[in-house]
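Have a look at the structure below before the remarks.
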Amino acid sequence: MPPGLQEPNINAEPSSSADDCSNSNTKPIVLVTNSDGIESPGLVHLVEALVLQGLCDVHVCVPQSDKSASAHSVTRGVTVEAFSAQINGATAFEVSGTPVDCVSLALSGALFSWSKPMLVISGINRGSSCGHHMFYSGVVAGAREALLCGVPSLSISLNWKKDESQETDFKDAVVLCLPLIIAAIRDVVNGTFTKSCFLNIEIPTSPLTCKGFKLTKQSMWRSTLNWQAVSTSRYPPGHFLASKQGFGLQFAQIGRDASAAGAARRLTTQKKNLEIVESIGAAGKPDSNRVKKYFRLEFSEKQLEDIDDDLDYRALESGFVAVTPLSLSPHTETNIQMAASDWISSVFPGEQ
């Protein structure tokens, strides 16, 4: 654990009251979503810890399949299905849509009996969402959608690295960020949590050796997007390989779900990720000369050139938890930085 932090008791029996978070007998509601799906170890360990803490009623709404690179996309023109799911101590649904669909549907009042939770937590994602990756990230988009709807939110990602990370790192990541989550629950109830932004929390590759928490700014770091021409014999149309390169962007394989609506949604997604180059004649003429070409997208990491230690990626690679406040407006960076700094200082004095 970082200096000055005490490991939360995530093995304790659930509390019978929420006195630490609210003066009423009704526990505050926390909605948990992600971009990796219901079986993601980051989600499972996070929900388990929240339930065991007993400070809130936990509700879960996540995509049926991996939507890590879905950004802030929504499903339009296709019926979205929601299926109940089993997570001990929580009310959970899987949705045949994107993370933004999940948050929007959950907050609409159409899925759950309530209209708004007191906090939305999106994660824990497999792979960093630092820098420009935030624009691609489905897990960041889930938190952003919550803020758009007026609900405080957090997005959380683990800097997963192939051949270095292991599944138990997700449980350690929960232990590491749980004090921040508990403080957020408490302060949202008390009305003292920042309202002008949501917080993107990036957890270093080895959570147990974390050096502490650092308030950071969004960097310019990103992966290079590489399109490669592929043969239809080797990669038939609609075939995608699961990828864990770079910051954890992954494409779901076809046939992962069983519902008709889910299949229709996947087909739409596949078409978006499949570049078809056509060469056709003038309008109204036969298209017998049409040519199809197939491409597959891969991500490769770029070397970071920025040297500012206050940038998210630099702090993360240096072993800190990077906490980046993100606003809906690009013109209020100084104000949200100060607001987030004041709040983080109250939670972890001396950590910045």
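Atoms considered below: every heavy atom in the structure, side chains included; atoms not considered: hydrogens, waters and symmetry mates.
- Side-chain contact between Pro204 and Leu158 is absent, with no heavy atoms from C-beta onward closer than 4.5 Å.
- Remark: the backbone N or O of Gly131 is paired with a side-chain donor or acceptor of Gln218 at under 3.5 angstrom.
- A side-chain donor-acceptor contact under 3.5 Å links Thr98 to the backbone of Ser73.
- Residues Ile121 and Val30 form a side-chain contact, since some pair of their non-hydrogen atoms from C-beta on lies under 4.5 Å apart.
- Ion pairing of Glu317 with Lys161 is present here, as a side-chain N (NZ or NE/NH1/NH2) and a carboxylate O approach within less than 4.0 Å.
- Taking the six-membered ring where the residue is Trp, Phe170 and Trp160 present parallel rings, their angle staying beneath 30° rather than reaching 60°.
- Remark: Arg126 engages Glu167 in a salt bridge, criterion side-chain N to carboxylate O under 4.0 Å.
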Checking side chain to side chain contact (heavy atoms under 4.5 Å, CB included) for the pair Val62/Phe93: CA distance, chi angles, key distance, verdict? CA-CA 7 Å; Val62 296; Phe93 281 90; over 6 Å; no
Applying side chain to side chain contact (heavy atoms under 4.5 Å, CB included), run through Thr33 and Ser122 and close with a yes or a no. CA-CA 5 Å; Thr33 189; Ser122 187; 3.6 Å; yes
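- The shortest distance between side-chain heavy atoms of Leu107 and Pro117 falls below 4.5 Å.
- Met118 approaches Pro152 most closely through the heavy-atom pair O-CD, 3.6 Å.
- Annotation: the span from Ser345 atom OG to Leu215 atom CG amounts to 8.0 Å, rounded to 0.5 Å.
- With hydrogens and angles left out, the side-chain atoms of Ser137 and Ser129 include a donor and acceptor closer than 3.5 Å.
- Distance alone, capped at 3.5 Å, is enough to place a donor-acceptor pair between the Ser153 side chain and the Ala143 backbone.
- How far OG of Ser165 is from CG of Asp172: 11.0 Å, rounded to the nearest 0.5 Å.
- Hydrophobic clustering keeps Val140 apart from Phe135 (ILVMFWY residues linked when any side-chain heavy atoms are closer than 4.5 Å, directly or through intermediates).
- Hydrophobic clustering (ILVMFWY, side-chain heavy atoms < 4.5 Å, transitive): Leu316 and Val174 are in distinct clusters.
- Remark: side-chain polar atoms of Ser318 are not paired, donor with acceptor, to backbone N or O of Phe320 under 3.5 angstrom.
- Placement of Leu52 and Val44 in two distinct hydrophobic clusters is found when ILVMFWY residues are connected by side-chain heavy-atom separations under 4.5 Å, directly or transitively.
- Proximity of a side-chain donor or acceptor of Ser219 to a complementary backbone N or O of Asp312 within less than 3.5 Å is not detected.
- Contact annotation: the side chain of Phe83 never approaches that of Val95 to less than 4.5 Å [non-hydrogen atoms, C-beta and beyond].
- Proximity of Ile182 to Gln53: side-chain heavy atoms (C-beta onward) are separated by under 4.5 Å at one or more points.
- To the nearest 0.5 Å, the span separating CD1 on Ile29 from CG on Asp57 amounts to 6.0 Å.
- Counting heavy atoms from C-beta outward, Leu50 and Leu178 have side chains that approach closer than 4.5 Å.
- In terms of hydrophobic clustering, with Ile, Leu, Val, Met, Phe, Trp and Tyr side chains grouped at heavy-atom distances under 4.5 Å, Val321 and Ile181 are assigned to a common cluster.
- Here the side chain of Thr75 pairs no donor or acceptor atom with the backbone of Gly97 at under 3.5 angstrom.
- Once rounded to the nearest 0.5 Å, the distance linking CD1 of Ile203 with CG of Leu180 reads 9.5 Å.
- Checking side-chain atoms of Lys67 against main-chain N and O of Gly37 turns up no donor-acceptor pair under 3.5 Å.
- Using cut-offs of 30° and 60° on the angle between ring planes, the pair His59 and Trp114 is perpendicular.
- Once rounded to the nearest 0.5 Å, the distance linking NZ of Lys195 with CG of Leu147 reads 11.5 Å.
- For the side-chain hydrogen bond (donor to acceptor under 3.5 Å, both in side chains) with Thr216, the lone residue among Asn200, Thr324, Asp310 that qualifies is Thr324.
- By the rule that hydrophobic residues join a cluster once side-chain heavy atoms approach within less than 4.5 Å of another member, Val60 and Leu119 end up as members of one cluster.
- One finds the CZ atom of Arg144 at 6.0 Å from the NE2 atom of His72 (value rounded to the nearest 0.5 Å).
- Within 6.0 Å of atom CD in Glu164, more than 12 heavy atoms from other residues, nucleotides or ligands are found, so the atom counts as buried in its surroundings.
- Residues Ile124 and Leu43 fail the side-chain proximity criterion, which asks for heavy atoms closer than 4.5 Å.
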Please walk me through it: do Asp101 and Ser104 pass side chain to side chain donor-acceptor pair (under 3.5 Å)? CA-CA 5 Å; Asp101 289 331; Ser104 178; over 6 Å; no
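- Judged by distance alone, the side chain of Asp187 and the main-chain N or O of Asn190 form no donor-acceptor pair under 3.5 Å.
- The main-chain N or O of Cys130 is found under 3.5 Å from a side-chain atom of Ser128 such that the two form a donor-acceptor pair.
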Can Leu199 and Ser155 be said to form a side chain to side chain contact (heavy atoms under 4.5 Å, CB included), step by step? CA-CA 6 Å; Leu199 301 181; Ser155 57; over 6 Å; no
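- Side-chain contact check for Phe198 versus Val151: every heavy-atom pair is 4.5 Å or farther apart.
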Carefully, step by step, assess Asp36 and Ser68 under the rule side chain to side chain contact (heavy atoms under 4.5 Å, CB included). CA-CA 6 Å; Asp36 295 340; Ser68 296; 2.9 Å; yes
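- Checked options Asp169, Thr205, Asn125; the residue passing with Asn159 is Thr205 (criterion: side-chain hydrogen bond (donor to acceptor under 3.5 Å, both in side chains)).
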